[in-house]
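Following: one structure in structure tokens, then a few remarks.
All of these numbers come straight from a predicted model, not from anything done at the bench. These numbers come from the heavy atoms of this one structure, side chains and all, not from hydrogens, waters or symmetry mates.
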Amino acid sequence: QVQLLDSGGGLVQAGGSLRLSCVASGRTFSLDTMGWFRQAPGKEREFVAAISWDYGTTNYADSVKGRFTVSRDNAKNTVALQMNSLKPEDTAVYYCAARAGRTPQPLATMYDYWGQGTQVTVSS
């Protein structure tokens, strides 16, 4: 089994920055890719970014390209999401996810494990 603990959310003004973290524990050797998704009230969960553990291959949603950066620390089994130039439309609960498979997939159904979520609120 794998456990994911995501953290780092909060309240920030538009234009500000936040850094989310996700720590994986348990059978982490079975994981190949980590992803971040978000879900705003009344909306479906959507892909934000993903990174592969081995080569660090990344994938980003168009809405966050150039503003968000996903990174990983293999030694600490940690993935981070640096969010800059935040906008009110970035407000959502952000979820860390993990999957076996090296392609940083944008589909939520491709991920096997999920964190509990962390709230990000961007005020205008």
Cluster link Trp53 to Val2, ILVMFWY, side chain under 4.5 Å: yes
Listed pairs under 3.5 Å, donor-acceptor, residues 97-106 side chains, sequence neighbours left out:
unit_1, atom_1, unit_2, atom_2, d
Arg99, NE, Met110, O, 3.1
Arg99, NH1, Gly101, O, 3.0
Arg99, NH1, Thr103, O, 2.7
Arg102, NE, Asp54, OD2, 3.4

Pairwise side-chain contact, Leu86 with Phe68, heavy-atom cut-off 4.5 Å (strictly under): yes
Point-to-point distance, once rounded to the nearest 0.5 Å, from CG of Asp112 to CG of Leu31: 8.0 Å
Approximate separation, where rounding is to 0.5 Å, of Arg72 CZ and Thr78 OG1: 12.5 Å
Which atom of Met34 lies closest to which atom of Cys22, heavy atoms considered: CE-SG, 3.9 Å
Lys65 and Asp62 ion-paired at < 4.0 Å: yes
Heavy-atom closest pair, residues Tyr111 and Ala50: OH-CB, 3.5 Å
Heavy-atom side-chain contact between Ser63 and Arg38 under 4.5 Å: yes
Donor-acceptor contact below 3.5 Å, side chain Tyr60 vs main chain Val70: yes
Greater than 12 external heavy atoms within 6.0 Å of Phe29's CZ: yes
Beyond-backbone contact of Asp90 with Met83, side-chain heavy atoms, under 4.5 angstrom: no
Backbone of Pro88 reached by a side-chain donor or acceptor of Thr91 within 3.5 Å: yes
Co-membership, hydrophobic cluster, residues Val120 and Phe37, 4.5 Å side-chain: no
Nearest-0.5 Å distance that lies between atom NZ in Lys87 and atom OG in Ser124: 14.0 Å
Cluster link Tyr94 to Tyr113, ILVMFWY, side chain under 4.5 Å: yes
Nearest heavy atoms of Lys76 and Val23, plus distance in Å: O-CG1, 4.4 Å
Check: Ser52 side chain, Thr57 main-chain N or O, donor-acceptor pair, under 3.5 Å: yes
Pairwise distance CZ(Arg45) to CG(Leu107) - rounded to 0.5 angstrom: 13.5 Å
Closest non-hydrogen atom pair between Ser85 and Arg67, with its separation: O-NH1, 2.9 Å
Backbone of Asp6 reached by a side-chain donor or acceptor of Gln116 within 3.5 Å: yes
From CA spacing to verdict: side chain to side chain contact (heavy atoms under 4.5 Å, CB included), Val48, Tyr95: CA-CA 10 Å; Val48 176; Tyr95 297 90; over 6 Å; no
For Leu18 against Gly9, the heavy-atom pair lying closest together: CD1-C, 4.5 Å
Min side-chain heavy-atom separation Cys96-Trp36 under 4.5 Å: yes
Ile51 side, atom CD1; Thr33 side, atom OG1 - distance, nearest 0.5 Å: 9.5 Å
Hphob cluster co-occupancy, Val64 + Val12, side-chain heavy atoms under 4.5 angstrom: yes
